[in-house]
Amino acid sequence: MTSEAIATVEAYFDAFGTRDLERILVHFAPDVTWTIAGDPALTPWAGTRTGPEEIRQSLTAFFAAVEPLAFELGTMVEADGRVLAPGRYTSRFHPSGQLLESEMILRFTVADGLITDYRVFEDSLGITRTHLGQPLTTTSAAPTPTWTSDELNRISGADELEMAPLRRDGTLRRPVPIWVVRDGDDLYVRSFRGTDGGWWLTARASHEGHVRSGGVDKDVTFVEVPDSGVNDRIDTAYRTKYGRFGGAYVDPMVAARATTLKLVPR
């Protein structure tokens with residue numbers, strides 16, 4: 001006989017297969033903890049989230065980047081409300097378009113018919129490399145693409161960056177000037193027109209493009225950034241760098257957190 005905890009997890013899997021966020025989120029407790037190993041700056045659905053709304057951010061980023069091709073769920077086991085669900089999957093990751101086959105184990109804690117804790121054990125390094133288009137098998141660890149100090153200084157020191165996202169047909173859009181900010185060793189952009197911005201819609205669809213600023217020309221990968229802590233720092237960076245232009249220009253950039261894209265050099 002199926003336990004209540006396993007029945008709850010089975011209902012979650014049924015909802016997850018539809019990719020309907022509302023159907024998925026009803027299975028989580030208000031104070032649920034959700035943990036996926038990895039660096040959210042590289043795989044934006046990774047990290048630890050608390051509550052259904054933060055899980056929504058993670059799932060939105062995951063669904064945008066991961067195309068499931070096959071999934072096989074093994075036999076679930078349960079003890080005292082904790083359910084282990086082994087599985088194997090094949091997925092295509094965007095923007096790279098590469099495939100990954102991997103095994104995983106999902107651990108659920110269930111109480112009163114709701115999931116209170118969710119944790120994934122999987123090949124997080126393989127996922128990151130596949131997502132970014134890096135080789136999975138190397139004789140030595142492949143370095144994460146980074147900007148040089150000179151590139152960071154040149155681009156962050158310029159007021160504008162020319163943005164040319166890649167269209168689905170493989171051609172670049174005509175470059176448009178936008179603002180760019182720096183946080184540590186990373187560069188970020190947002191859409192002044194929010195999620196209706198033409199260049200942003202193209203960039204979000206392809207996750208690839210070309211940028212030019214401060215004498216630097218670079219092909220880049222666009223990585224979505226749902227992490228609220230990072231976005232708080234980016235808000236400050238926009239206000240600090242562009243505050244002299246006034247609220248009419250800066251306030252829309254601060255409000256456009258949903259459009260934040262990290263520029264990863266290729």
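In this text, all values refer to a predicted model and were calculated from it rather than measured experimentally.
Residues forming a side chain to side chain contact (heavy atoms under 4.5 Å, CB included) with Asp219 (at least two apart in sequence, or on another chain): His210, Arg266. Residues passing the side chain to side chain donor-acceptor pair (under 3.5 Å) test with Glu67, sequence neighbours excluded: Arg92, His94. Take Glu162 and apply the side chain to side chain donor-acceptor pair (under 3.5 Å) test, not counting sequence neighbours, and it matches Arg212. In terms of the side chain to side chain donor-acceptor pair (under 3.5 Å) criterion, Lys241 has no residue partners (sequence neighbours excluded). Take Glu151 and apply the salt bridge (charged side-chain N to carboxylate O under 4.0 Å, His left out) test, not counting sequence neighbours, and it matches Lys218. Arg154 pairs by the salt bridge (charged side-chain N to carboxylate O under 4.0 Å, His left out) definition with Asp150, not counting sequence neighbours. By the side chain to side chain donor-acceptor pair (under 3.5 Å) test, Asp14 pairs with no residue at all, sequence neighbours left out.
The aromatic rings of Phe28 and Tyr12 stand perpendicular to each other, their planes meeting at an angle above 60°, with 30° marking the opposite boundary.
The salt bridge (charged side-chain N to carboxylate O under 4.0 Å, His left out) pairs that include a residue from residues 46-60 are Glu22-Arg56, Glu53-Arg56, where partners are two or more places apart or lie in different chains. Residues in residues 242-253 take part in these salt bridge (charged side-chain N to carboxylate O under 4.0 Å, His left out) pairs, two or more places apart or across chains: Asp159-Arg244. Among residues at least two apart or in separate chains, there is no salt bridge (charged side-chain N to carboxylate O under 4.0 Å, His left out) pair with a member in residues 23-47.
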Using a 3.5 Å cut-off and no angle test, enumerate the donor-acceptor pairs between side-chain atoms of residues 108-122 and protein atoms at least two apart in sequence or in another chain.
residue: Thr116; atom: OG1; partner: Thr109; partner atom: O; Å: 3.2
residue: Glu122; atom: OE1; partner: Tyr89; partner atom: OH; Å: 3.4

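With no hydrogens or angles considered, a side-chain donor-acceptor pair links His207 and Glu224 at under 3.5 Å. Using modelled atom types, one finds no donor on one side chain facing an acceptor on the other under 3.5 Å when comparing Ser102 with Asp123.
With salt bridges taken as basic N to acidic carboxylate O contacts below 4.0 Å, one links Asp235 and Arg190. Ion pairing between a basic and an acidic side chain is recognised when a charged N comes within 4.0 Å of a carboxylate O; Glu103 and Arg88 show such pairing.
Other members of the hydrophobic cluster containing Leu166, listed by chain and number, are Leu172; membership follows side-chain contacts under 4.5 Å among ILVMFWY residues, whether direct or relayed.
Applying ring pair (Phe, Tyr, Trp, His ring centres under 6.0 Å) to Trp179 and the options Phe245, Tyr188, Phe192 leaves one that passes, Phe245.
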